[in-house]
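This one's a predicted model, so the numbers in the text were calculated from it and none came from an experiment.
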Amino acid sequence: MAFLREYPRQRLGTLAFHLVCRALLRQCAEAGCEAVVEGLADRSDIAVAEQIIGQPFSEPLVQSLLRHNGTGDDVLLPSYWRLLNTHIIASDWQLGMRIHHEVCEGAEEGDPEDDFGPWWHSHWTPFATSGGGDTLIVDQRPNRRRGRIGEADHEQGTRFRSHPMWSSLPALMDATATAPETGQAVDGYLPVAADETELDSEIL
């Protein structure tokens with residue numbers, strides 16, 4: 001597997017995303033494996049994707065993309081989520097919008113602060129995939145819970161978990177980074193080195 005880049009330790013706005021990679025890398029290295037992180041995104045790559053989706057990315061997402069532009073086919077976030085690069089963020093958003101217009105046009109959105117949302121929304125920014133059609137999204141609808149993380153299930157629609165780790169991208173990354181260092185699970189997940197080739201999450 002490709003080598004996981006390490007960068008100088010520094011705060012990235014509200015979140016130092018690389019702490020996730022550093023923490024998981026240390027644990028993975030103990031098992032003799034290496035994790036994959038795809039290069040870095042350019043500001044121009046991000047600008048193109050933002051133009052396609054019609055809104056700016058959240059600042060934590062921008063800062064993470066500038067240092068780690070996706071994780072390819074390898075899981076980083078619990079329990080099975082792979083980070084997307086800028087190109088796939090844009091294309092997944094377009095796919096979601098196309099299906100929404102074809103199938104869900106006219107459906108009621110409901111309370112934007114509810115724990116369950118519509119199947120898709122133009123103000124959602126996908127940033128991670130399960131590899132099976134589901135995505136994690138940053139909810140950028142204008143309300144007091146703006147920035148929370150939702151799970152957009154391609155069959156059942158979108159839900160928002162109540163655990164604090166899903167309240168924002170910084171909270172999710174920080175919880176993911178902390179878990180392997182402390183050995184304490186968060187929301188029932190514990191990131192671990194699965195074997196000599198990959199990372200995984202134990203569901204407790």
Side-chain angles (χ1 to χ4, degrees), residues 1-2 4 12 15-25 27-28 33-39 41 49 53 57-58 60-65 67-93 95-96 115 117 119-121 124-140 147-181 185-195 197-204:
M1 302 177 75
L4 171 61
L12 311 178
L15 166 71
F17 169 68
H18 69 284
L19 290 179
V20 179
C21 300
R22 288 169 64 92
L24 294 181
L25 178 62
Q27 185 182 36
C28 192
C33 64
E34 297 174 336
V36 167
V37 171
E38 296 182 0
I53 73 171
F57 290 171
S58 67
L61 181 56
V62 169
Q63 293 300 332
S64 71
L65 288 167
R67 288 154 177 85
H68 308 280
N69 190 23
T71 54
D73 293 329
D74 290 273
V75 171
L76 181 63
L77 300 176
S79 59
Y80 45 68
W81 299 103
R82 311 164 185 176
L83 294 177
L84 302 175
N85 61 37
T86 55
H87 174 73
I88 300 178
I89 287 175
S91 62
D92 276 14
W93 181 89
L95 176 61
D115 291 338
W119 189 88
W120 192 257
H121 197 284
W124 288 348
T125 307
F127 69 93
T129 180
S130 66
D134 303 333
T135 57
L136 290 182
I137 58 95
V138 179
D139 184 1
Q140 299 205 85
R148 64 179 173 161
I149 304 303
E151 180 179 342
D153 185 290
H154 70 286
E155 293 183 348
Q156 300 179 9
T158 302
R159 64 172 178 166
F160 298 91
R161 298 177 184 271
S162 60
H163 192 282
M165 71 179 283
W166 304 104
S167 63
S168 68
L169 185 56
L172 175 59
M173 297 298 190
D174 184 62
T176 305
T178 301
E181 293 184 324
V186 285
D187 198 22
Y189 301 112
L190 179 62
V192 297
D195 53 35
T197 60
E198 63 182 26
L199 297 166
D200 200 355
S201 291
E202 290 183 356
I203 302 177
L204 305 179

A.B. asks: Can you check side chain to side chain contact (heavy atoms under 4.5 Å, CB included) on Ile137 and Thr125, steps first, answer last?
C.D. replies: CA-CA 5 Å; Ile137 58 95; Thr125 307; over 6 Å; no
A.B. asks: Considering all heavy atoms of both residues, which atom of Ala171 and which atom of Pro164 are nearest to each other, and what is their separation?
C.D. replies: CB-O, 3.6 Å
A.B. asks: For residues 126-137, pull every pair meeting side-chain hydrogen bond (donor to acceptor under 3.5 Å, both in side chains), keeping only residues two or more places apart or in separate chains.
C.D. replies: Asp134-His154
A.B. asks: Which heavy atom in Pro126 sits nearest to a heavy atom in Asp92, and how many Å separate them?
C.D. replies: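 Distance-wise, the nearest heavy atoms are CG-CB, 4.1 Å.
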A.B. asks: Partners of Trp81 by side chain to side chain donor-acceptor pair (under 3.5 Å), sequence neighbours excluded?
C.D. replies: none
A.B. asks: Determine whether Phe127 and Leu84 satisfy the following criterion, side chain to side chain contact (heavy atoms under 4.5 Å, CB included), listing intermediate values before the conclusion.
C.D. replies: CA-CA 5 Å; Phe127 69 93; Leu84 302 175; 5.6 Å; no
A.B. asks: Rounded at 0.5 Å granularity, tell me how far CD1 in Ile88 sits from CG in Leu95.
C.D. replies: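 These two atoms lie 12.0 Å from each other.
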A.B. asks: Taking the side chain as every heavy atom from C-beta outward, state whether Phe57 and Val138 have any atom pair closer than 4.5 Å.
C.D. replies: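 No, every pair of side-chain atoms sits at 4.5 Å or beyond.
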A.B. asks: Mind checking salt bridge (Lys or Arg N to Asp or Glu O under 4.0 Å) for Asp153 and listing every partner two or more places apart, or none if nothing turns up?
C.D. replies: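 Not a single residue meets the salt bridge (Lys or Arg N to Asp or Glu O under 4.0 Å) criterion with Asp153.
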A.B. asks: For the CD1 atom of Ile53 and the OG1 atom of Thr86, what is their distance to the nearest 0.5 Å?
C.D. replies: 11.0 Å
A.B. asks: Could you tell me which residues satisfy side chain to side chain donor-acceptor pair (under 3.5 Å) with Arg161, sequence neighbours excluded, listed by chain and number?
C.D. replies: Glu151
A.B. asks: List in chain and number order the residues that pass side-chain contact (heavy atoms from CB on, under 4.5 Å) with Thr158, two or more places apart in sequence or in another chain; answer none if no residue qualifies.
C.D. replies: Trp124, Ala152, Phe160
A.B. asks: From Asp115 CG over to Ser162 OG, what is the distance, rounded to the nearest 0.5 angstrom?
C.D. replies: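 Going from CG on Asp115 over to OG on Ser162, the span is 6.5 Å.
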A.B. asks: List in chain and number order the residues that pass salt bridge (Lys or Arg N to Asp or Glu O under 4.0 Å) with Arg148, two or more places apart in sequence or in another chain; answer none if no residue qualifies.
C.D. replies: Asp139
A.B. asks: To the nearest 0.5 Å, what is the distance between CG on Leu169 and CG on Leu172?
C.D. replies: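 Separation between the atoms: 6.0 Å.
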A.B. asks: Hey, are the side chains of Ile89 and Asn85 touching, using non-hydrogen atoms and a 4.5 Å cut-off?
C.D. replies: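 Of all side-chain heavy-atom pairs linking Asn85 with Ile89, none is under 4.5 Å.
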